[in-house]
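Here is the structure we will look at.
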Amino acid sequence: LLSTGSQAAIGFNDVSPAAPPPSMGTTTTLGPATGPDTLVLSLNQDAYLGNAQYDVVMDGTKLNAAPLTINTASLHGSATSDTVNIKGSFARGAHNVTVTFLNDQYAGTAATDRNLYVNNATYADDAVTGGPVLLANSSAALLSTGSQAAIGFNDVSPASSQISTTTLGTGAHRLTFQVEQDPYQGNAQYDVSVDGTKLNNTPIVASALRGSGQRDLVTLFGDFTAGMNHTLTINFLNDKYDGTAQTDRNLYVSGTTYDGAVVANGTLALLSQGPQTITF
């Protein structure tokens with residue numbers, strides 16, 4: 001530097017390793033890996049002397065050949081979880097998935113206790129409008145070997161055995177029910193109401209025959225208030241009976257789901273004209 005104010009500019013670059021990205025949990029796919037139906041489980045653990053291991057059983061069939069192991073980073077209370085995708089073309093109707101904890105370990109304190117947690121489960125059917133839905137009662141803490149999380153859901157996808165589909169209403173939540181009939185001198189007709197509000201402008205006409213394996217599918221969309229009981233009313237409009245089982249027009253609701261979860265007591269036998277209700 002040979003004069004006042006002259007400068008030497010020296011540049012440099014820091015090349016120390018960057019902070020590693022946050023750890024991600026493991027994603028496992030069970031079943032045939034194809035088909036319109038997907039059940040997704042989210043799981044994590046309290047790790048101690050190794051990671052939690054578990055089996056997954058659907059409708060009585062174990063889906064994993066070897067025990068599944070939770071990723072070391074998937075810790076309960078953190079933002080990281082393992083994901084299990086169960087894919088397939090499930091038969092229409094009720095299904096049950098069970099997660100069984102295989103290797104509990106406990107040495108007397110909360111810090112020396114291995115546990116398994118099912119955080120939640122969602123179900124999606126590409127053939128049914130509405131996208132994935134969070135299944136009710138799908139979280140569980142499995143705190144000892146052999147403890148289980150039982151997750152129920154209902155597949156209501158259209159199929160070749162489905163005669164007709166009816167969609168009513170708008171909103172974020174989906175109530176779906178299946179209808180059959182005993183026809184006689186014409187088909188059974190009915191109205192649908194939720195919480196006292198009739199949703200159809202003209203009577204809905206049943207098509208599927210009871211006992212044939214066929215169903216009509218009715219889907220109601222709405223913004224139903226959370227934490228409250230709501231009432232679905234089916235009003236049978238045109239009963240007819242001429243003295244025998246073969247000359248008797250009846251209407252049946254053979255199953256109901258709310259946001260993909262089976263509604264308890266969601267069946268009806270409407271053997272005479274008038275309304276009957278299902279609470280969800």
Side-chain angles (χ1 to χ4, degrees), residues 14-33 37-88 90 94-124 131-154 172-173 226-228 257-262 264:
D14 184 272
V15 292
S16 59
S23 297
M24 302 298 292
T26 300
T27 297
T28 302
T29 299
L30 301 175
D37 303 312
T38 308
L39 181 73
V40 179
L41 307 177
S42 170
L43 309 99
N44 54 26
Q45 66 172 336
D46 296 324
Y48 170 60
L49 296 180
N51 297 316
Q53 297 183 357
Y54 61 99
D55 286 335
V56 178
V57 174
M58 180 171 175
D59 296 336
T61 299
K62 192 170 111 171
L63 300 182
N64 52 296
L68 300 174
T69 302
I70 296 288
N71 188 297
T72 300
S74 296
L75 299 177
H76 192 55
S78 75
T80 303
S81 297
D82 283 10
T83 299
V84 174
N85 297 318
I86 302 172
K87 293 282 295 179
F90 306 145
H95 297 274
N96 183 271
V97 169
T98 301
V99 176
T100 303
F101 185 23
L102 299 177
N103 65 332
D104 181 44
Q105 178 80 23
Y106 180 62
T109 71
T112 58
D113 188 11
R114 182 189 302 143
N115 298 307
L116 176 67
Y117 301 89
V118 179
N119 301 315
N120 58 61
T122 63
Y123 175 65
V133 293
L134 182 67
L135 299 182
N137 304 315
S138 61
S139 61
L142 287 69
L143 306 181
S144 59
T145 297
S147 57
Q148 296 181 332
I151 300 163
F153 69 98
N154 200 41
H173 299 285
M228 294 181 59
T257 65
Y258 178 66
D259 282 348
V262 177

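Because only heavy atoms are used, hydrogens play no part in the values below, and waters and symmetry mates are left out as well, while side chains stay in.
Summarising the geometry of P67 relative to Q53, their closest heavy-atom pair is CB-OE1, 3.8 Å, with the distance given to 0.1 Å. In this structure, V118 and A149 approach most closely via the heavy-atom pair CG2-CB, 3.9 Å. In plain terms, the two heavy atoms of A261 and A136 that are nearest each other are CB-N, 4.2 Å. Here the closest non-hydrogen pair linking T80 and G25 is CG2-N, 3.3 Å. Contact detail for Y48 and A111: the closest heavy-atom pair is CD1-O, 4.0 Å. Shortest non-hydrogen contact noted between L75 and A47 is CD2-CB, 4.1 Å.
Contacts of N137 classified as side-chain hydrogen bond (donor to acceptor under 3.5 Å, both in side chains), with partners at least two apart in sequence or in another chain: none. Judged as a side-chain hydrogen bond (donor to acceptor under 3.5 Å, both in side chains), and not counting sequence neighbours, N85 has no contacts.
Residues V84 and L30 form a side-chain contact, since some pair of their non-hydrogen atoms from C-beta on lies under 4.5 Å apart. Contact check for N115 versus D104: side-chain heavy atoms found under the 4.5 Å cut-off. Proximity of V99 to D55: side-chain heavy atoms (C-beta onward) are nowhere separated by under 4.5 Å. Residues V262 and N154 form a side-chain contact, since some pair of their non-hydrogen atoms from C-beta on lies under 4.5 Å apart. Side-chain contact between V56 and K62: absent, with no pair of heavy atoms (C-beta onward) separated by less than 4.5 Å. In this structure the side chain of L68 reaches within 4.5 angstrom of the side chain of T28, judged on heavy atoms. Side-chain atoms of T122 and L135, non-hydrogen and from C-beta on, never get closer than 4.5 Å to each other. Residues T112 and L49 fail the side-chain proximity criterion, which asks for heavy atoms closer than 4.5 Å.
No donor-acceptor distance shorter than 3.5 angstrom exists from the side chain of N120 to the backbone of S138, with no hydrogens or angles considered. Panel note: side chain R114, backbone Y106; no donor-acceptor pair is recorded below 3.5 Å. For S74 (side chain) and N44 (main-chain N/O), no donor-acceptor pair under 3.5 Å exists by modelled atom type. Checked by atom type and distance alone, the side chain of N71 never pairs as donor or acceptor with a backbone atom of D82 at under 3.5 Å.
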**Asked** Between V57 and V97, is a side-chain contact (heavy atoms from CB on, under 4.5 Å) present by the stated rule, with each step listed?
**Response** CA-CA 6 Å; V57 174; V97 169; over 6 Å; no
**Item:** Derivation of the side-chain contact (heavy atoms from CB on, under 4.5 Å) call for T29 and K87
**Value:** CA-CA 7 Å; T29 299; K87 293 282 295 179; 4.1 Å; yes
**Message:** Let's go through I70 and L116 carefully: what are the C-alpha distance in whole Å and the side-chain angles of both, what is the deciding distance for side-chain contact (heavy atoms from CB on, under 4.5 Å) to 0.1 Å, and is it a yes or a no?
**Reply:** CA-CA 9 Å; I70 296 288; L116 176 67; 3.7 Å; yes
**Request:** Might you work through the side-chain hydrogen bond (donor to acceptor under 3.5 Å, both in side chains) test for Q148 and T98, ending with a clear yes or no?
**Result:** CA-CA 6 Å; Q148 296 181 332; T98 301; 5.1 Å; no
**Trace of the side-chain contact (heavy atoms from CB on, under 4.5 Å) decision for I151 with L41** = CA-CA 10 Å; I151 300 163; L41 307 177; 3.7 Å; yes
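For F101 and Y54, the distance between ring centers is not under 6.0 angstrom.
Taking the six-membered ring for Trp and thresholds of 30 and 60 degrees, F153 and Y123 have ring planes inclined between 30 and 60 degrees apart.
How far OG of S81 is from CD of Q45: 10.5 Å, rounded to the nearest 0.5 Å. Distance check, rounded to the nearest 0.5 Å: CG of L134 to CG of D259 gives 8.5 Å.
No hydrogens or angles considered: nothing links the side chains of D46 and H76 as a donor-acceptor pair under 3.5 Å.
For the side-chain hydrogen bond (donor to acceptor under 3.5 Å, both in side chains) test with N51, the passing option among T72, T69, N103 is T72; the others fail.
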